[in-house]
Amino acid sequence: MREILFKAKRKDNGEWVDGCYAKSKGKTFIGIDISISIDVFEVFCTPIIRWIEVDPETLCQFTGLYDKNGKRIWENDICDRKEKYPEVVKMANGDWTLDYSYATGRDYGYSYCNLGFYVNERKCVEVVGNIFDNPELLQEESDE
């Protein structure tokens, strides 16, 4: 079963936090489990969740996939698979994809490929950043 996780940047300090997602009274939160787990008490303890307000513009879902280095792949990650340009992880037609429509400047509906195939079969995907922290990775290189 796929792990359902989200991450986003904290409102108070801009650091990334991951956990479960909730929205309440117009605010967006990520809940992190701060329970202290002691083997003998684990069965009897209720998880303690700390809710942290996050910037909803940075909310990303975990794809359930890992890159060739074992790093989690999140929505809006920038990935390299040694193509002409890096690609952005997006959801398209109900599946996780590597989207390169930003590089072509137009979206014909064919500007993406299946992420799972390249992760599981080709094992060639590497996360190199994300669109929030590394937008420069998506800029076109000049031919000078």
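Starting from 1, each residue takes its place in the sequence as its number.
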**Complete:** Rounded to the nearest 0.5 Å, the SG atom of Cys124 sits from the NZ atom of Lys82 at a distance of 10.0 Å

**Request:** Determine whether Ile32 and Phe6 fall in the same hydrophobic cluster, where Ile, Leu, Val, Met, Phe, Trp and Tyr are linked whenever their side-chain heavy atoms lie under 4.5 Å apart.
**Result:** yes

**Message:** When you measure from the side chain of Asp77 to the backbone of Cys79, do you find a donor-acceptor pair of N or O atoms at a distance under 3.5 Å?
**Reply:** no

**Prompt:** Is there a path from Leu65 to Val89 through hydrophobic residues (I, L, V, M, F, W, Y) whose side chains come within less than 4.5 Å of each other?
**Reply:** yes

**Asked** At what distance, to the nearest 0.5 angstrom, does NZ of Lys23 lie from CZ of Phe29?
**Response** 11.0 Å

**Prompt:** Can you find a side-chain donor-acceptor pair between Asp99 and Ser101 that sits under 3.5 Å?
**Reply:** yes

**Complete:** Rounded to the nearest 0.5 angstrom, the CG-CG distance for Asn130 and Asn76 is 7.5 Å

**Asked** So, for Pro56 and Lys11, which heavy atoms are closest and what is the spacing to 0.1 Å?
**Response** CD-CE, 4.4 Å

**Request:** Go through the steps for Asn93 and Tyr112 under the test side-chain hydrogen bond (donor to acceptor under 3.5 Å, both in side chains), then give the verdict.
**Result:** CA-CA 11 Å; Asn93 298 326; Tyr112 55 86; 2.6 Å; yes

**Prompt:** Does any N or O in the side chain of Asp67 come within less than 3.5 Å of the main-chain N or O of Val127, such that one atom is a donor and the other an acceptor?
**Reply:** yes

**Message:** So, taking the atom named CD1 in Ile49 and the one named SG in Cys20, what distance separates them when rounded to the nearest 0.5 Å?
**Reply:** 5.0 Å

**Request:** Of all the heavy-atom pairs spanning Phe132 and Cys60, show the shortest one and how long it is.
**Result:** CE1-SG, 3.6 Å

**Prompt:** Quick one: does Glu75's side chain have a donor or acceptor within less than 3.5 Å of a partner on Gln61's backbone?
**Reply:** yes

**Asked** Under the 3.5 angstrom rule, does the side chain of Asn69 hit a backbone N or O of Lys71 as a donor-acceptor pair?
**Response** no

**Asked** Asp18: what forms a side-chain contact (heavy atoms from CB on, under 4.5 Å) with it, not counting sequence neighbours?
**Response** Lys7, Arg72, Trp74

**Message:** Taking side chain to side chain donor-acceptor pair (under 3.5 Å) as the criterion, tell me which of Asp133, Asp55, Thr58 meets it with Lys9.
**Reply:** Asp133

**Fill in**
Interatomic distance, CD1@Ile73 vs CG@Leu98, rounded to 0.5 Å, equals 7.5 Å

**Verdict with reasoning, Trp51 to Lys27, per side-chain contact (heavy atoms from CB on, under 4.5 Å)** = CA-CA 11 Å; Trp51 293 99; Lys27 295 182 179 182; over 6 Å; no

**Request:** With the side chain counted from C-beta on, respond yes when Arg81 and Glu87 share a heavy-atom pair under 4.5 Å apart, and no when they do not.
**Result:** yes

**Prompt:** Roughly how far, to the nearest 0.5 Å, is CG of Leu138 from CD1 of Ile131?
**Reply:** 7.5 Å

**Prompt:** Linking I/L/V/M/F/W/Y whenever their side-chain heavy atoms sit closer than 4.5 Å, directly or via other members, would Met91 and Ile78 fall into one cluster?
**Reply:** no

**Asked** Would you say the side-chain atoms of Asn134 pair up with the backbone N or O of Leu137, donor to acceptor, closer than 3.5 Å?
**Response** no

**Item:** Ile4-Leu59 co-clustered via ILVMFWY side chain contacts under 4.5 Å
**Value:** yes

**Message:** Starting from Val17, can I reach Tyr21 by hopping between I/L/V/M/F/W/Y residues whose side chains sit under 4.5 Å apart?
**Reply:** yes

